[in-house]
Peer 1: 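Shown below is the structure under consideration.
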There are 2 protein chains.
Amino acid sequence: MVGRPWLHGRLRNAGFRLTLPRQAILNVFARNPKHLSAEEIFLSVHRNYPGIGLATVYRTLDLLTQMGLVFKFDFGDGRSRYELASEVIKEHHHHMVCTRCGQIIDYSDFMKKEIKFIKELEVELSKKHKFKINSHQIHFYGSCNRCQ
Amino acid sequence: MVGRPWLHGRLRNAGFRLTLPRQAILNVFARNPKHLSAEEIFLSVHRNYPGIGLATVYRTLDLLTQMGLVFKFDFGDGRSRYELASEVIKEHHHHMVCTRCGQIIDYSDFMKKEIKFIKELEVELSKKHKFKINSHQIHFYGSCNRCQ
DNA sequence: CAATTGGTTGATAATGATTTTCATTTTTAT
DNA sequence: ATAAAAATGAAAATCATTATCAACCAATTG
């Protein structure tokens, strides 16, 4: 699964522990690399560890997000969605959101070009606005294959 | 304020009316061209029209969003934020969000370049994924001038 | 012009996601 | 071990948003 020793160290350095619930939640991401909502994660974890509560899922997601291990997104469907940070497991990608059926498509087809462009833009923006950029989100909205 | 006859016509064509509450809400946007939350809009409207309720604000925002007159955003602060569509009053821009103080900076400094890039990307993505793209959002997250 | 129709509204209740509380349990440092 | 610090589950609380519903209002019809 996800590289544990690494994670363990990162959490410890920040004064946190890699507990069973937290591992279980990370494993859900590893098994199911999608854009999961808190409830979906809770349900998935609950199958193997019925004892783990929803509040813990929220707390853990918040923790992982703050540590940068997980990204938090809002695709407009009324709940937050989370995915493992690209550095942890997935390649850098952006999103296309179907506003009809809600499907979210990850794409990384033209990433090299995009990243290059974004990087340059970030430099210019940072300079002009004295704004330190840490991350970005690029979302396209429209209708998918099946919904047109 | 915002071009009324135009709006009136657009709403009518879709079977809606340009009522006083709706005008009041549009005027808030015209006076205060920011990224307003429903509650902020409600409070602003409430000063001049104490009779207008929060539910109406939500309904109107929903209507305007569906008609494409207003864009709905989520910058991660737990509430939706709205702004007039670029065609109505503002120039096309993207956003930088300060994750410390929540400030949202509009920028349109390098828009020509960005739009060109996005347009090309959209063509390629549409073709490859058979996905009809209607709109996009580009957000940068980091720390602003004062928060570094 | 009165009657009818259908969009619109305000107030309130309901919903649903997320957060907080708090007593208890687990882990770590002493 | 034992005290101190973190973490947890369950339940209550919060907060943004949506649905309900009776009252309104505007436009159309006869």
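Lettering follows sequence order; numbering is per chain, from 1.
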Peer 1: Check this one for me: any side-chain N or O of A:Tyr58 less than 4.0 Å away from OP1 or OP2 of C:dT18?
Peer 2: yes
Peer 1: Using the side-chain heavy atoms of B:Thr19, tell me which of these nucleotides is nearest: C:dA29, C:dT21, C:dT9.
Peer 2: C:dT9
Peer 1: Tell me whether the side-chain N/O atoms of A:Arg17 come closer than 4.0 Å to OP1 or OP2 in D:dA6.
Peer 2: no
Peer 1: Has the side chain of B:Arg59 got a donor or acceptor that lies under 3.5 Å from a partner of the other kind on the base of C:dG7?
Peer 2: no
Peer 1: Test for a donor-acceptor pair under 3.5 Å between the base of C:dT27 and the side chain of A:Arg22, counting only N and O atoms.
Peer 2: no
Peer 1: Hey, which of A:Arg10, A:Gln66, A:Arg22 is the one that makes side chain to side chain contact (heavy atoms under 4.5 Å, CB included) with A:Phe16?
Peer 2: A:Arg22
Peer 1: Please figure out whether A:Thr60 or B:Arg79 has its closest DNA chain D nucleotide nearer the 5' end.
Peer 2: A:Thr60
Peer 1: Does D:dA16 have its OP1 or OP2 closer than 4.0 Å to a side-chain nitrogen or oxygen of B:Ser80?
Peer 2: no
Peer 1: Could you tell me the separation between the CG atom of B:Leu18 and the P atom of C:dT9, rounded to a whole number of Å?
Peer 2: 10 Å
Peer 1: Counting only side-chain heavy atoms from C-beta out, which of C:dG10, D:dA16, D:dG9 sits nearest to A:Ile52?
Peer 2: D:dG9
Peer 1: Starting from C1' on C:dG10, measure out to CG on B:Leu54 and report it in whole angstrom.
Peer 2: 11 Å
Peer 1: Can you tell me how far C1' of C:dA17 sits from CZ of A:Phe42, to the nearest Å?
Peer 2: 14 Å
Peer 1: Can you tell me the distance, in whole Å, between the CD atom of A:Glu39 and the P atom of C:dT19?
Peer 2: 15 Å
Peer 1: Which nucleotide wins on minimum distance to the side chain of B:Ala55, given the candidates C:dT12, C:dA29, D:dT8?
Peer 2: C:dT12
Peer 1: Expressed in angstrom and rounded to an integer, what is the separation of A:Asp74 atom CG from C:dA17 atom P?
Peer 2: 13 Å
Peer 1: Specify the closest pair of heavy atoms between B:Asn134 and A:Ser143, including all atoms of both residues, with the distance to one decimal.
Peer 2: ND2-N, 4.3 Å
Peer 1: Kindly assign one of parallel, tilted or perpendicular to the pair B:His35 and B:His93, based on the angle between their ring planes and the thresholds 30° and 60°.
Peer 2: perpendicular
Peer 1: Side-chain contact test, heavy atoms from C-beta onward, threshold under 4.5 Å: evaluate it for B:Met96 versus B:Ile104 and give yes or no.
Peer 2: no
Peer 1: Rounded to the Å, how far apart are A:Leu20 CG and D:dG9 P?
Peer 2: 9 Å
Peer 1: Between A:Arg79 and A:Glu40, is there a side-chain N and carboxylate O pair less than 4.0 Å apart?
Peer 2: no
